[in-house]
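Structure, as structure tokens:
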Amino acid sequence: LSELGSESAKIKAMGIMDKLSTDKTVKVLNILEKNIQDGSKLSTLLNHVSFKLCNFTALCRTEFLHLSPINIMTSPNMPKAVYIEDVIERVIQYTKFHLQNTLYPQYDPVYRLDPHGGGVLSSKAKRAKCSTHKQRVIVMLYNKVCDIVSSLSELLEIQLLTDTTILQVSSMGITPFFVENVSELQLCAIKLVTAVST
């Protein structure tokens, strides 16, 4: 998947993605959409082994997403047929899901659920108890999601989206400003919010 992503990035950089057959490109996007479908509903399990496996699966799904919106849809001079609404919506669903359920809880303890249903701690107390160490897979997932948020802003400059999609994208762009320890994501969100506004 990583190789697919990097090779398609080279094709995009060379500016020749539009030379590929439109039918084949649309087929690739549809296949990618089916493969990421379960990733948008993937739940983060609490026990450590399942958590690692779950997030590794999430990372693989992100590689699929990395290929479809960033390298294909944002390539120059692409035909209108490649801007498939279902693929765009799936990317947004997936990204929002993993921001809210995987990344925000990992980076900001205020977003974590207490599995034991213990007493309510203040935001400051929760943040004070937080460890700054992150698993490698979480950091990789975070970086990929930042790329996806950036590429969505690029996509907005190329293609008009439906009002419903714009509302989802807007909430995705605004929420990071209420989360701590996600400064890179906040920079990407600034680009996204600016693209929505224009």
Side-chain angles (χ1 to χ4, degrees), residues 1-40 56-99 103 137 139-174 176 182-198:
L1 294 175
S2 184
E3 193 174 336
L4 272 172
S6 63
E7 290 299 317
S8 60
K10 287 178 192 172
I11 294 171
K12 177 186 172 181
M14 291 163 60
I16 56 171
M17 189 78 77
D18 59 318
K19 304 283 188 274
L20 301 174
S21 157
T22 302
D23 288 346
K24 286 182 181 177
T25 305
V26 168
K27 277 182 187 174
V28 167
L29 286 168
N30 283 320
I31 290 167
L32 291 172
E33 191 265 335
K34 297 298 179 213
N35 277 280
I36 63 175
Q37 193 166 5
D38 61 332
S40 63
F56 180 74
T57 307
L59 182 63
C60 290
R61 299 291 182 226
T62 307
E63 288 287 358
F64 273 118
L65 287 167
H66 196 251
L67 177 65
S68 58
I70 294 175
N71 299 334
I72 297 176
M73 291 186 184
T74 59
S75 292
N77 307 316
M78 291 304 287
K80 290 284 182 193
V82 304
Y83 302 110
I84 303 167
E85 198 172 313
D86 285 348
V87 176
I88 296 168
E89 283 183 15
R90 192 74 65 202
V91 169
I92 293 166
Q93 284 173 7
Y94 174 91
T95 308
K96 282 184 78 170
F97 181 86
H98 284 294
L99 281 169
L103 295 175
V137 71
V139 175
M140 289 171 70
L141 182 63
Y142 175 75
N143 290 332
K144 292 295 182 188
V145 168
C146 285
D147 286 346
I148 291 168
V149 172
S150 275
S151 69
L152 283 170
S153 61
E154 220 178 306
L155 185 63
L156 280 169
E157 292 168 8
I158 298 168
Q159 177 66 17
L160 290 174
L161 303 177
T162 63
D163 289 350
T164 310
T165 307
I166 291 293
L167 286 171
Q168 287 187 27
V169 169
S170 300
S171 72
M172 187 195 305
I174 292 167
V182 290
S183 53
E184 298 88 354
L185 180 61
Q186 289 169 345
L187 286 172
C188 298
I190 287 171
K191 283 177 64 180
L192 186 60
V193 170
T194 305
V196 168
S197 300
T198 50

**Asked** Of the options Val169, Thr194, Thr165, which is the one that meets Leu156 in a side chain to side chain contact (heavy atoms under 4.5 Å, CB included)?
**Response** Val169

**Prompt:** Can you tell which of Leu185, Leu99, Ile190 makes a side chain to side chain contact (heavy atoms under 4.5 Å, CB included) with Pro176?
**Reply:** Leu185

**Message:** Taking the side chain as everything from C-beta on, heavy atoms only, tell me whether Leu103 gets closer than 4.5 Å to Val182.
**Reply:** no

**Prompt:** How many angstroms lie between CG in Leu161 and CD in Glu85, if you round to the nearest 0.5 Å?
**Reply:** 8.0 Å

**Request:** Identify the two heavy atoms, one from Ala81 and one from Val26, that lie closest to each other, and give their separation to 0.1 Å.
**Result:** O-CG2, 3.7 Å

**Request:** Kindly compute the distance separating OG (Ser150) from CG (Leu192), expressed to the nearest 0.5 Å.
**Result:** 8.5 Å

**Complete:** Which of Leu152, Val91, Ile158, Leu29 passes side chain to side chain contact (heavy atoms under 4.5 Å, CB included) with Met73? It is Leu29

**Request:** Run the numbers on Thr25 and Met78 for side chain to side chain contact (heavy atoms under 4.5 Å, CB included), then give the verdict.
**Result:** CA-CA 10 Å; Thr25 305; Met78 291 304 287; 4.2 Å; yes

**Request:** With rounding to the nearest 0.5 Å, note down the distance linking CD1 in Ile16 to CG in Asn77.
**Result:** 12.5 Å

**Fill in**
In short, Ile92 meets Met172 closest at the heavy-atom pair CG2-CE, 3.5 Å

**Asked** Do you know the tightest heavy-atom contact between Lys12 and Asn71?
**Response** CB-O, 3.8 Å

**Asked** So, do Ile84 and Asn30 sit near enough that their side-chain heavy atoms are less than 4.5 Å apart?
**Response** yes

**Prompt:** Do His98 and Tyr94 come within less than 4.5 Å of each other through their side chains, counting heavy atoms only?
**Reply:** yes

**Between NZ on residue Lys10 and CD on residue Glu7, distance to nearest 0.5 Å** = 4.0 Å

**Prompt:** Nearest 0.5 Å, what's the CG-CD1 distance between Asp18 and Ile11?
**Reply:** 11.5 Å

**Request:** Taking the side chain as every heavy atom from C-beta outward, state whether Val28 and Lys24 have any pair of such atoms under 4.5 Å apart.
**Result:** no

**Request:** Go through the side-chain N and O atoms of Lys27 and Ser21 and say whether any donor and acceptor fall under 3.5 Å apart.
**Result:** no

**Euclidean distance, Glu154 CD relative to Thr74 OG1, rounded to 0.5 Å** = 4.5 Å

